[in-house]
A.B. asks: 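Below you'll find the structure I mean.
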Amino acid sequence: MKAKIGNRTCEVELISKDGNRVEISVDGKIYDIDVVMSESGFCSILHEGRSYNAESVRHSEGKYTITTNFRYFDIELSNPQKKYIRGRQSTPEEAQETITSPMPGKIIKIMVSEGMEVKQGDPLIVVEAMKMQSTYTAAQNAIVDKIHVEEGDSVARDQLLISFKTN
Amino acid sequence: MKAKIGNRTCEVELISKDGNRVEISVDGKIYDIDVVMSESGFCSILHEGRSYNAESVRHSEGKYTITTNFRYFDIELSNPQKKYIRGRQSTPEEAQETITSPMPGKIIKIMVSEGMEVKQGDPLIVVEAMKMQSTYTAAQNAIVDKIHVEEGDSVARDQLLISFKTN
Amino acid sequence: MIQKILIANRGEIAVRVMRTCKEMGIRTVAVYSEADRTSRHVSYADEAVCIGLASSQESYLNADKIIKAAKQFKADAIHPGYGFLSENAGFARRCKEEGIIFIGPSAESIEAMGDKISARRQMIKAKVPVVPGTSEDLKPRDLFRVCRRIGLPVIIKATAGGGGKGMRLVYEEKQLYEAYEAAKSEARASFGNDSVYIEKYIESPHHIEIQFLGDAHGNVIHLFDRECSVQRRHQKIVEESPSPFIDDKTRQAMGAIAVKAARSIGYVGAGTIEFLVDGDMNFYFLEMNTRLQVEHPITEEVLGVDLVKEQIHIANRKKLRLRQKHLHQRGHAIECRICAEDPENNFAPSPGIIRHIQTPEGIGVRVDSFIYDGYEIPVYYDSMLGKLIVWATSRIYALERMRRVLYEYKITGVKTNIDYLRRIMDTRDFVKGNYTTHFIEDNSKKLQESAGNNNEIEDMAIIAAYIDHIVNSNDAPSLSPADNLPISRWRAFGKQKGVLRI
Amino acid sequence: MIQKILIANRGEIAVRVMRTCKEMGIRTVAVYSEADRTSRHVSYADEAVCIGLASSQESYLNADKIIKAAKQFKADAIHPGYGFLSENAGFARRCKEEGIIFIGPSAESIEAMGDKISARRQMIKAKVPVVPGTSEDLKPRDLFRVCRRIGLPVIIKATAGGGGKGMRLVYEEKQLYEAYEAAKSEARASFGNDSVYIEKYIESPHHIEIQFLGDAHGNVIHLFDRECSVQRRHQKIVEESPSPFIDDKTRQAMGAIAVKAARSIGYVGAGTIEFLVDGDMNFYFLEMNTRLQVEHPITEEVLGVDLVKEQIHIANRKKLRLRQKHLHQRGHAIECRICAEDPENNFAPSPGIIRHIQTPEGIGVRVDSFIYDGYEIPVYYDSMLGKLIVWATSRIYALERMRRVLYEYKITGVKTNIDYLRRIMDTRDFVKGNYTTHFIEDNSKKLQESAGNNNEIEDMAIIAAYIDHIVNSNDAPSLSPADNLPISRWRAFGKQKGVLRI
């Protein structure tokens, strides 16, 4: 299946498995490794005698945050065929049509109203989390379709804040 | 529903719930408490301002081990009506008909063979775990029906070791 | 004798205070806001009560509600921790009026030190060195005399100033008059008031503080120094004790001055004097913190003292049991503040649910935190999750230990600054102990670099995600081993050899 | 200089050794049995290799496989930990032959101390006090003379004896001859050999040991004492340093004797001499352990020394950098061994899967363990999960701290002895520091009592189970909040008021 990590996209495939011993190919490079994991998301990989550790956190389907020694990786796994079968889903290209909250927080200020035309870079909404305020700006020219929150609201991670119509 | 804790059996019932605030009756005594819990099994209860903590581990359905300050409790919850609907299940009275391993271990010695008559108290099988050996004895007179393991086998928790026919 | 303490705080410091109370057999009462019901200080306490809404104004800063809770639960003392009401003279006074012991100095001490100008005046009176300069309007006739007295470089500032307006930095005497005139005219233009004053400019200052303790019987001792120059936007990130910069003579002199300063205001309790120290080890009073500091554990580690225990001892009006002559710094301690923030994204806070923590263990490590698996970090309070403290016999060993324990500390679910802290531990100026408050700024580029691209580690991360997906996703072939643990599902999965495609 | 160390062990000690290696920048190689693939020492190491089946004979005790692994991974040294091959002279010799540094004493030192009789002879030669007595056949004519020399009470034992046969305890001289004759005749009947010997009987002994270090240049120092009298079936459970029993004069004398003993056999590395100490503080050599002890951390805490670091330093053939005159015990340390066992069920081992760990934190606590959430404890090795160590300025504060951290340490999934340890901390004889090796036996009844019936705590336990059931069981009304966490399911569940029946 496909794995997206930072700007890199690669092909990952399980070739064989015998107990903990597996062969996995990452973009054609074959790793002969020994893998175990625990319920808490801890994963130990031995590759040519070297010991690697990873802590994995599973978000929504196919999305992972992996922590190795001092590094975080956001990884997205996807299965092209599958997506086709399921039909139209939200894809990165469409993501610009909404603004969601990247973290839980509180809505401090909304600078736009429904029906308003905004230009790329215009400030739209201010969200506060842990005593720091972040301002979200328009990624492209658009018309505000609907504002789903009010000033003072508490919002969850990934909660929809504003949706747009493109003109 | 019914809760069994040590030798005590009691009736536990949720009376009302409003957010974290609940009223629960335990054998008729009503507790007005504030309860929260985490995914890892940690449970915090405030009762009349006092703070109680419990860590819960869920085994098979309805069976729990609860750890409070320095104490372990094995608790079994059951719903009498439910049991009736499901029909015949293994009950404590029938438990004598098999011997299962209470912990993971290794079979060191089997003193009986299939078809053998055993008397209450006869040694049957020796299981070793963590360098200590435990001998299991017959709880009543019976005939060995089937021996499900061999000497040297590794066994899991609750694995069936020997089953009996009663005469 | 204090039997029950209400802790008017949250987070790691509330838990830290309760730990000592539990050891002393003192019962504890937690107060919590509606956003903090699941916070660890609530479950750690013997008793707990909700005092209001998530906003601090409605809860942790609400003196009325806290006093009411103390009375309801019959607490005979209140420990304020740091932040919130800890340096609020009104609250200290209110406690006294209500007959509740405030574990901290008197309202008068807090007031005297709360205002920068009054604190400076008080310290000059007590002969404590402050940054040299004048605070009145500087006349042209005094200009050169004053400047020569305090020594170059100097900074000329508008009395009414702010925001860098009407401010001139002077390195050479020949520039002095011109700079003075320029500052005056800019001040006039900006504030309608051309009065200016002059102050010594401390070029590469160290931020070094002295911990002290005073009892109700007039005894005051100091507990040596903490180096706190690693700061980002005036927030301390890493602290160590002893300071790798000052020599022992300066350390003793600073300690003696701190004792003098505390004695001059009849200070009772634990406090800290922050000094600015220049490159020649001249030190100047900056401010006094009339409470426990975040970084107090490094002093505890080096001296083997429990400062909260001493605070309670003093609050019981007992005499200090520590003697200055018996106190010696042993070895070296370093503290790192662990925060839920994303260093790669301008240190944006990263609230969320803590999925899993692996706490560092073994020799010489101390963790003061309040997080646990499954805890959701509220968005209303600051982003510090806890502190990682190491002790070792020498600074270099402490540094090596801090690298090791940062490696062991795994927190998943939220982003943290652990990797950033590790980079600080690898930065040359820090390793050599040769840094000032400009350290973060001077090394900002290097501190932003991640460990470098290692394709193999990246591939291992992909493999970890992929295997988790195989074992846990609904797409994967259905497996149901007896215990349904990931390790069992993994073992049960695909026992045959051969090509498998998910 | 050692660059890479293979750790020929598992469990907490393997991880403990690796921690120091990581701090020193030394690479580590783990060896593991097939049952230990998921063990923490495997993931902690830089490199790891499987060396055989679960049975120790096939893996951790198999010198060939360990030597082969060391060569394969180019390790220049092997640290044996404790147990397994740590006191195997043949293994030490084999390492030397293969050009691998064995981090421990020479094969000759191990051999000299490995056998009780040879060790006793060696110690007598070095003028180290041993339990007074004879080891040859005791003639009637010598009986009274010998007895008077060593003093009553004495014990008469069959030379060929065992199992208490041919053994007589004598408190009064008038019983001596009769007991001698009885022992002889019993010995003749039981073993066909009537020769007996006599030894002083130590009535209420303390088990106190002295840690020492020797380098390859003939320097030896001692690192003071550890009190290890809290034992169940000769297994230490709780240790502390300094011993609350001996006075400083005795402590110094024991230290000096330990140095003499180590020097007499040219000992190089870390070692321990165990002494029996009677009620009058007379001490007698019991045995020498030629390796690191389980309880070494309490010495580290009290002296501020990393013993593994010193071991590696010595193995590099460097001179000791610690000086006897600079070593002083500071404060007090206590260690508790945390085991997966069920004290209410005759200490039956309790293997299984660790569901969740809450590690104690804060001032003065150290945890040396190797467990993690989700780890399945193998049934092949011993039941120790780790060690809990506290340090404080005084014994009473250390005891209070140990109670606090035992309270904080939560391990679910397997039964542990944490509550039993807590009861030891509350037992009068322990609190007073007034105990001998009979402590566990003398207090067995009190130590078996659980905290007493508190119906409210029992009800809270029922409620916790019940609520977990509501939130997690399939019987409960179907709920699907966005994130599906228990806290969300709990909040989503039954927002209405009114009677609900599950």
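None of the values given here were measured: they were computed from a predicted structure. Letters A, B, ... are given to chains in the order of the sequence lines, protein chains preceding strands, and every chain is numbered from 1.
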A.B. asks: Would a distance-only check, ignoring hydrogens and angles, find a side-chain to backbone donor-acceptor pair under 3.5 Å from C:Arg37 to B:Asn20?
C.D. replies: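 Checking the backbone N and O of B:Asn20 against the side chain of C:Arg37, no donor-acceptor pair under 3.5 Å is found.
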
A.B. asks: Below 4.5 Å from any heavy atom of chain C, which atoms of B:Tyr52 appear? Answer side chain, backbone, both or neither.
C.D. replies: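 Nothing of B:Tyr52, per the 4.5 Å heavy-atom cut-off to chain C.
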
A.B. asks: Please confirm whether the backbone N or O of C:Glu47 pairs with a side-chain atom of B:Ser51, one donor and one acceptor, at under 3.5 Å?
C.D. replies: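 Between the backbone of C:Glu47 and the side chain of B:Ser51 there is no qualifying donor-acceptor contact (under 3.5 Å).
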
A.B. asks: Could you tell me which portion of C:Tyr375 (side chain, backbone, both or neither) has an atom closer than 4.5 angstrom to a non-hydrogen atom of chain B?
C.D. replies: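 Neither the backbone nor the side chain of C:Tyr375 comes within 4.5 Å of chain B.
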
A.B. asks: Heavy-atom pairs under 4.5 Å with chain B are the metric here; pick the option from C:Cys50, C:Ala48, C:Ser43, C:Ala30 that has the most.
C.D. replies: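 Most heavy-atom pairs under 4.5 Å with chain B: C:Ser43.
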
A.B. asks: Do B:Ser38 and C:Tyr372 come close enough that some side-chain heavy atom pair is under 4.5 Å?
C.D. replies: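 A side-chain contact exists here, since the closest heavy-atom pair is under 4.5 Å.
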
A.B. asks: Between the main-chain N or O of B:Ser40 and the side-chain N or O of C:Asp373, is there a donor-acceptor pair closer than 3.5 Å?
C.D. replies: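 Not at all, since once roles are kept as given, no pair shorter than 3.5 Å links the two residues.
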
A.B. asks: Around atom NZ of C:Lys4, are there more than 12 heavy atoms from other residues, nucleotides or ligands closer than 6.0 Å?
C.D. replies: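 Counting neighbours around NZ of C:Lys4, more than 12 heavy atoms of other residues, nucleotides or ligands fall under 6.0 Å, so yes.
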
A.B. asks: Any side-chain heavy atom of B:Phe42 within less than 4.5 Å of one from C:Thr38?
C.D. replies: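 Not in contact.
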
A.B. asks: Can you tell which part of C:Val42 gets under 4.5 Å to a heavy atom of chain B, answering side chain, backbone, both or neither?
C.D. replies: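 Both backbone and side chain of C:Val42 come within 4.5 Å of chain B.
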
A.B. asks: Got a sec: does the NZ of B:Lys106 have more than 12 other heavy atoms crowding it under 6.0 Å?
C.D. replies: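 Open: at most 12 neighbouring heavy atoms sit under 6.0 Å from NZ of B:Lys106.
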
